[in-house]
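Proteins get letters first, then strands, A, B, ... in listed order; numbering begins at 1 in each. What you see is a predicted model; the values in this text were computed from it and never measured.
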There are 2 protein chains.
Amino acid sequence: MTTARRVTIHDVAFAAGVSVATVSKVVNGRYGVASSTTERVQGVIDDLGYESSLVARTLRARRTGVIGILVADFEPFSTELLKGAARAVRSSGYELVAYSAGGSGLEQPGWERRYLNRLSGTLIDGAVLVTPTVVDVGYSAPVVAVDPHTGHPDMPTVVSDNQDGALLATEHLISLGHRDIGFLAGRSDLESAQRREAGFRQAMSKAGLTVNEHWVQPGDYEAERADPAAHALLEGPTRPTAVFAANDLSAIQTITVARSLGLRVPLDLSVVGFDNIPESALCDPALTTIDQPIQEMGFQAVHMLLELIGGRALDATHLSLPTALVQRGSTAPPA
Amino acid sequence: MTTARRVTIHDVAFAAGVSVATVSKVVNGRYGVASSTTERVQGVIDDLGYESSLVARTLRARRTGVIGILVADFEPFSTELLKGAARAVRSSGYELVAYSAGGSGLEQPGWERRYLNRLSGTLIDGAVLVTPTVVDVGYSAPVVAVDPHTGHPDMPTVVSDNQDGALLATEHLISLGHRDIGFLAGRSDLESAQRREAGFRQAMSKAGLTVNEHWVQPGDYEAERADPAAHALLEGPTRPTAVFAANDLSAIQTITVARSLGLRVPLDLSVVGFDNIPESALCDPALTTIDQPIQEMGFQAVHMLLELIGGRALDATHLSLPTALVQRGSTAPPA
DNA sequence: ATGAAAGCGCTAACAA
DNA sequence: TTGTTAGCGCTTTCAT
C-alpha cells in the first residue's frame, strides 16, 4: 500500500501556477477566468485526477446536492425502499447517500435525531427517515418520514394503507367462506400494527362476525415471537379455520407451525400475510399476502423531499399508498 | 418550516460558558477536563441535543469510523450486497455509508475513481467498490472491489466462482442427457461473463461434447439483448435441447421466447440461468439456476476492508466464493 | 484545567 | 482576470 496522498485543490493550484481560488472557479464554472487559464487548469486537473472533496465543499457551500436516506439497518425493507428512492432521484441531479450506523446505537431511541444532526446542515440537503421511532426531530431541515412508528402531524410522511390492506386480507378470507378467523398481531408500539388490527376488526364487524379474543395473539412482526402465538392459536380447545398474520414473517411461521401440528395448508387452515417480501413467494405453499408497495414508498418519499428542498408546496403532507391482495396458494375455502 | 439553525459546538460552548476546545474534549472524552466542567458541558449538550457534525469532524480527524460502499446505482445486486455488508459491520464500531450518484455520470467511465476521490481521505476510512469498470483507481486508501469488470492483481477483490458455477450448470444439463446445448453469453467486457463462458466450454469438452458455435449467442446480461439471441438460438435450422444463459435475466427471456415459439419448458427445452435473483423463483416454470452468494460477497468484502483498515494482512487478496446449483422446474431430460 | 489559535479542503467576498 | 482573505465546524497542539 503506497501512501499516495489525496490530490487537493492546492496541488492543482501549485501545478498550474495559479491560486486555489482560480482552481475553485474553474471547477465550479464561475465567470471571470481567462479561457487560456481555464484550459491549463483543466489540463492539470485531468492529469492529476483531481476531484473536489464532497466533505470540504459541503462544509462551505449551502447546497450540497446530496440527499440522505437514514435507516436503522440495511434489511429487506430499507433496501427495497432504496431501489424506489434511486429511481426518484435519477435525473434530478441529486446524489443519494444511504446512512446506517450498522445496527449499533439502535438500542437507545433517538437514532434518527442523532443521524440527522450528524449529517444535516452539512453533507445533505434533506433526508428520508425510514421507520423512525421518534418523529419529533426538533430540526428544520427538509425531512420526510417513511412508515413512522407513530403518526405525527407536523412531519410529512409516506405510509401504505395498512388498515385497508388488512381489510382486504380479512375480506378475502371471509369471501372464501371462513367465519372462524384468527389474528396474529404485530408490534403494538408501531402505528402500522395498530392499523392492521383495526382493519381486521373492521372487516369482521362489517361481515357481522365476532372476533374471538382468544384467537387474537401477539406476534411482534417476528418469527420467534410468532411461534408461540401460532401455537396458542392452533392448539386451543377450538381453532380458527383461517389466520390473518400482521406480516409475512409471522404468516410463514404460522404455516410452519400448522404443518408441524399435522394441519394441511390451505386445506385445514388458510393463512394470509402482509408485506409481500420475496420470501412469501418462495415458501410452500406460496403465501397469499397483501402487497405493500415498498419501492413506491421510497419513490414518493424522495419525490416529496425534492419538492420541499425546492421550496415548493406539497400536494399532500401525508401520503398513504394503496395495498393490494396477492393471491397465492395458502388460502382456500374452509373444509 | 421554522428556521432552527443547527446546534454547533459554539452554541454549546457559549451556553456552558467554556471554550469550544473544552467542549470538544468533553465530547471526545479527552483528559484534562475537571469533572465538574465535564458534567456541566454534558448537561448543556443533552439540553441542546447537540451532536457533532460528521463532516466537520471528518475533515479534521484522520480516522472517521465510517466505511463507504460505492455503487453505480441501487439495484437488486447492490442492495443485496448491502445486506451482507451491514451484517459484517455490525459490532465493528464502524458506520456504513452507501453512496450512489443516482445513475448519473455512469455513462462516462471512471465513476469509481471520482466517487473515491470525493469521499476518501475525508468522510470514509475505506471503501467497497461494487462492480467497478476501472479497477486501477490510482489511490491508496483501503479499497476492496466486488465483482470487478476485469481482474486486477493489485486490488483486493471478492468474486463468486463464475467458472465453476457455469461448469455446474452445464454439467447439470449434460447429466440430464442433453448433448445439444446452447449458450447465451453475457457482457463480453465483464470478467464474470468470460468466466461463465469458459466454464461452459470446459464442461462441454470434459464430456467430450462439441460446442456448436451457432448456438453461442451474445446476450449482454439484459432481457432486450437476450431476446434476439434467444430467437437465433431457437429458430435456426437445428436447435439445441437445452440452453445455459449467462444470467437469470436472459434465461427468463429465453423461456419467454421459447414459449412464444410454441416450445414447452422444460419438455422441449431446458433452461438454466445464473445469479439466483428473486425473479428466478417467481417465473413460470421456476428457473433452475446457479446461486451466486451476493450477501456473502458483501460480508466478505467489508470483512477484508476492516482488516486492511486495521493494518492487518489479508488471508487472501482475491476471494472467490462458491456457487451452487438450485434446481427448479426449468430443466428436464431431453424428449 | 482551560483557552487561543492554527488548520483540515474548500468557497465566496472583496481587493488588486 | 487574478489573488487575498475569511470563514464553514471541528480537533489539536501549545500556551497560560
Side-chain angles (χ1 to χ4, degrees), chain A residues 5-42 45 48-66 116-125 141, chain B residues 5-42 44-45 48-66 116-125 139 141:
Chain A
R5 209 174 47 76
R6 196 181 186 294
V7 178
T8 74
I9 197 171
H10 284 103
D11 302 324
V12 176
F14 179 81
V18 295
S19 73
V20 293
T22 303
V23 177
S24 176
K25 281 170 194 157
V26 171
V27 168
N28 296 291
R30 295 279 177 277
Y31 294 114
V33 182
S35 62
S36 65
T37 309
T38 302
E39 220 167 288
R40 184 156 40 91
V41 171
Q42 192 59 57
I45 287 176
L48 268 46
Y50 169 74
E51 192 81 23
S52 74
S53 158
L54 217 209
V55 166
R57 164 199 293 264
T58 225
L59 192 57
R60 202 69 183 75
R62 216 164 45 78
R63 205 194 91 116
T64 67
V66 178
L116 212 48
N117 264 319
R118 278 171 74 73
L119 300 186
S120 192
T122 49
L123 230 218
I124 59 175
D125 289 341
Chain B
R5 209 175 47 74
R6 197 182 185 294
V7 177
T8 74
I9 197 170
H10 285 103
D11 302 323
V12 176
F14 179 81
V18 294
S19 72
V20 293
T22 303
V23 176
S24 176
K25 282 170 194 156
V26 170
V27 168
N28 297 290
R30 296 277 177 279
Y31 294 113
V33 182
S35 61
S36 65
T37 308
T38 302
E39 220 166 287
R40 185 157 39 91
V41 170
Q42 192 59 56
V44 173
I45 287 175
L48 267 47
Y50 168 73
E51 193 82 23
S52 74
S53 157
L54 216 208
V55 166
R57 165 198 292 265
T58 226
L59 193 57
R60 203 68 181 76
R62 218 163 46 79
R63 206 195 89 115
T64 67
V66 178
L116 212 48
N117 264 320
R118 278 169 73 74
L119 301 186
S120 191
T122 49
L123 233 220
I124 59 175
D125 289 341
Y139 186 68

Can you tell me how far [atom2] of [N] sits from [atom1] of [X], to the nearest Å?
| X | N | atom1 | atom2 | result |
| --- | --- | --- | --- | --- |
| B:Glu39 | C:dA1 | CD | P | 15 Å |
| A:Tyr31 | C:dA12 | OH | P | 15 Å |
| A:Leu59 | C:dC10 | CG | P | 12 Å |
| B:Arg57 | C:dC8 | CZ | P | 19 Å |
| A:Leu123 | C:dC10 | CG | P | 15 Å |

Minimal non-hydrogen separation, [X] against [Y], with atom names:
| X | Y | answer |
| --- | --- | --- |
| B:Asp11 | B:Thr8 | OD2-N, 2.8 Å |
| B:Ala15 | B:Val44 | CB-CG1, 3.7 Å |
| B:Thr58 | B:Thr64 | OG1-CG2, 2.8 Å |
| A:Val7 | A:Tyr50 | O-CD1, 3.3 Å |

So the contacted stretch of DNA chain D, first to last nucleotide with an atom under 4.0 Å from a non-hydrogen atom of chain B, runs from D:dG9 to D:dT12

Tell me, please, which residues at least two apart from B:Thr22 pass side-chain contact (heavy atoms from CB on, under 4.5 Å).
-> B:Val18, B:Ser19, B:Val33, B:Thr37

Do A:Thr122 and A:Leu59 have side-chain heavy atoms sitting under 4.5 Å apart?
-> yes

Answer yes or no: is there a side-chain heavy-atom contact under 4.5 Å between B:Ser52 and A:Arg118?
-> yes

Which part of the nucleic acid, if any, lies within contact of [X], taking any heavy atom under 4.0 Å across all strands shown: a base, the sugar-phosphate backbone alone, or nothing?
| X | value |
| --- | --- |
| B:Val18 | sugar-phosphate |
| B:Thr122 | nothing |
| B:Thr58 | nothing |

Using a cut-off of strictly less than 4.0 Å, decide whether [X] has a side-chain nitrogen or oxygen near OP1 or OP2 of [N].
| X | N | value |
| --- | --- | --- |
| B:Thr22 | C:dG3 | yes |
| A:Arg30 | C:dA12 | yes |
| A:Ser53 | C:dC10 | no |

Comparing B:Ala56 with A:Val27, nearest DNA chain C nucleotide closer to 5' gives the residue B:Ala56

Of A:Ser52 and B:Gly32, whose closest DNA chain C nucleotide lies nearer the 5' terminus?
-> B:Gly32

Below 3.5 Å is the cut-off: list the nitrogen or oxygen pairs between protein and nucleotides 4-7 of chain C, distance only.
from, atom 1, to, atom 2, distance (Å)
C:dG7, N2, B:Arg60, NE, 2.1
C:dG7, N3, B:Arg60, NE, 2.8

Return yes when atom CZ of B:Arg62 has more than 12 non-hydrogen atoms of other residues, nucleotides or ligands closer than 6.0 Å, and no otherwise.
-> no

With B:Ile9, the side chain to side chain contact (heavy atoms under 4.5 Å, CB included) member among B:Val23, B:Val27, B:Ile45 = B:Val23

